[in-house]
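One structure is given here, and the rest of the page talks about it.
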Amino acid sequence: MVKNLLHRGLADRRVSLLVYACGLAAYSIFIVAIWSSFKNTQIEQLWNSYPESLRKAFGASINLGTFDGFFTLEFLNQMWPLVLSVFSIGFASASLAGEVEKGTMEMLLAQPVARRTVVAARHLLYSLTLLALIATTLVPVIVGAPIVGGSISYTGLAALSLQAFLFFAAIGSYSFFFAAIFSSRSLAIFVSAGVLIFAYALDIMSKFNDFINHFHFLSLFNYYDPYRYLHDASFAWGDLAVLAGTIVISTAAAVLWFERRDIAV
Amino acid sequence: MAETPNIICRELTKFYGATRGIENLDLTVGRGEIFGFLGPNGAGKTTTIRMLMGLIRPTAGSAMVVGLDTWKQSVEIKRHVGATQGDVRLYEHMRVQELLDYIDGFRSGAGSLRAELVERLDLAVGKKVKALSRGNRQKVAIVVAMMHDPEILILDEPTLGLDPLMQQVFYAILGEFKQRGKTVFLSSHILSEVERVCDRVGIVKEGNLMDVRSIEELRQNKIRHMDVSFSGEVDISRLKALPQVLDVKRLDSYLRITLRGDIDAIIKEIARYQVVDLTFTQPSLEDFFMSFYHHGTDDDG
């Protein structure tokens, strides 16, 4: 049953997954490749000459003169979350709300398959493809860093992989929850993206305003710090627990809601 | 001991907010029976079928299929049931073969009738679903519903879009299912279809089950129009006097006799004249409902 859902889901998404994988790998290779042009320049000084507020917004603690700092600032801090958030929200919304909207969920649920199995299988497929995309991003770093003379910690890469997986899976999981509630894919995307934009805005504003900073814990981005993991391989267990909790609670809520709702276009 | 019916609805009710889907539906469908659920669009047929399939939760009442609750034991029920949607929605990007494989995968490849159905319905399995006509999509839905030889078929307007030849093939397949002791719950707004294939009919209108009749009772009670051309003058008053005749109208060159029930006395009366032509026309569904509605009111009165 699950194998059938996984197999079909993978076949249906093979083209889009290939596009995401190639795009992420290509961008990763590009950033690795241009490091050799930047490593002996005064980029660190340039970075430090920027206004503090700007550096705060993009990661004040990052040492741009190192390979992992450069890779974090150029890719992991902005572009990577953007691409994988779009992937996560799109995947989740298509998996549930999209099928309800198209009417194919009726055909699927006319078969002897439990609703919770459908949600679980779709979430499992999402998690596996997310892991694959994280690997696609980081393998060029493993291979390319020594070639371009960059220093990279394999432990740091492993720690980053864990944190990134939990962070993006948290976004995907709450998107699954909204996709379980709504019968319109665009509405599910709209609400999920709205929550993400709010979280991002809160993260940025928290860095400039002490009052707003009291609410920083409400933003998922508060728990995303790729440089810390990549550079120091230092685990913030509390942060990881929050992300894991978000995944568990959101997924459980998605299953419970989807089991109880009417499936009708 | 009497057999438990395969389908039981008890005061089954569904409201979508303030909008009524179906209300206080009480009916049973026995094993080996083809039950027609006849009603116009918006009568509550699809809502009922969705509740039987466990897709929507009843607002009140309950439904049982093979003795199991349709909401709480939906997965187990679907091991015994094949179903089609009224508005067939398929996976557009798949080829028909892929779609059938996918659905087959939920029953570990138990589609024992798949090859036979594909052949009899002349279905092109190599085509992409999005390239299929309305009729061919319907054929795919029929194969999906029937290929695992289910104990019960729940079919929502199954012949929509099928050409007349394919309709005949479908009726033949349905007949074979019945011969093998299967139960069929079929919704339709086509009176002739229900008359042809069903054993009993539930007549539903505006969310209420108005009546359940055997096909024989349906035939006896339904209004029909007999259009007869004569070569000479006819005494209309004698025709009007017959108890089966509800109305006689002169239309151009023929008489339209509206009748209900046994036609024997009418045939004998018109045989007294020189008949040039005689045809029966099927009443519209609205005529049919009106006849039942008024008939019911008369009986009550």
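Just so we're on the same page: letters track the sequence lines, and every chain starts at 1.
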Does a sphere of radius 6.0 Å around [atom1] in [X] hold more than 12 heavy atoms from other residues, nucleotides or ligands, not counting ones at 6.0 Å or beyond?
X	atom1	value
A:Arg14	CZ	no
B:Arg20	CZ	yes
B:Lys72	NZ	no
B:Gln97	CD	yes
A:Phe190	CZ	no
A:Phe30	CZ	no
B:Trp71	CH2	yes
A:Phe198	CZ	no

Problem set entry | Interatomic spacing from NE2 in B:His93 to OG1 in A:Thr104 - rounded to 0.5 Å | 8.5 Å

Exercise. Just how far is it from atom CZ of B:Arg89 to atom CD of A:Glu99, taken to the nearest 0.5 Å?
Worked result: 12.0 Å

Shortest non-hydrogen separation from [X] to [Y] and the atoms involved:
X	Y	answer
B:Phe106	A:Met1	CD2-SD, 3.4 Å
B:Gln85	A:Gly103	NE2-O, 3.2 Å
B:Arg107	A:Ala110	NH2-O, 3.9 Å

For this session: Taking B:Lys78 for its side chain and A:Val113 for its backbone only, find out whether a donor-acceptor pair lies under 3.5 Å.
Result: no

For this session: For B:Glu92 and A:Lys102, indicate whether the former's side chain and the latter's backbone hold a donor-acceptor pair under 3.5 Å.
Result: no

Quick one: are [X] and [Y] in side-chain contact, heavy atoms under 4.5 Å?
X	Y	value
B:Arg50	A:Asp262	no
B:Leu90	A:Met107	yes
A:Arg260	B:Arg57	yes

Problem set entry | Identified side-chain contact (heavy atoms from CB on, under 4.5 Å) partner of B:Tyr102 from the options A:Gln111, A:His7, A:Arg8 | A:Arg8

For this session: Please determine, among B:Thr47, B:Val75, B:Leu55, the option with the most heavy-atom pairs under 4.5 Å with chain A.
Result: B:Leu55

Exercise. Side chain, backbone, both or neither: which part of B:Leu52 has a non-hydrogen atom closer than 4.5 Å to chain A?
Worked result: neither

Problem set entry | Region of B:Val144 that comes under 4.5 Å of a non-hydrogen atom in chain A | side chain

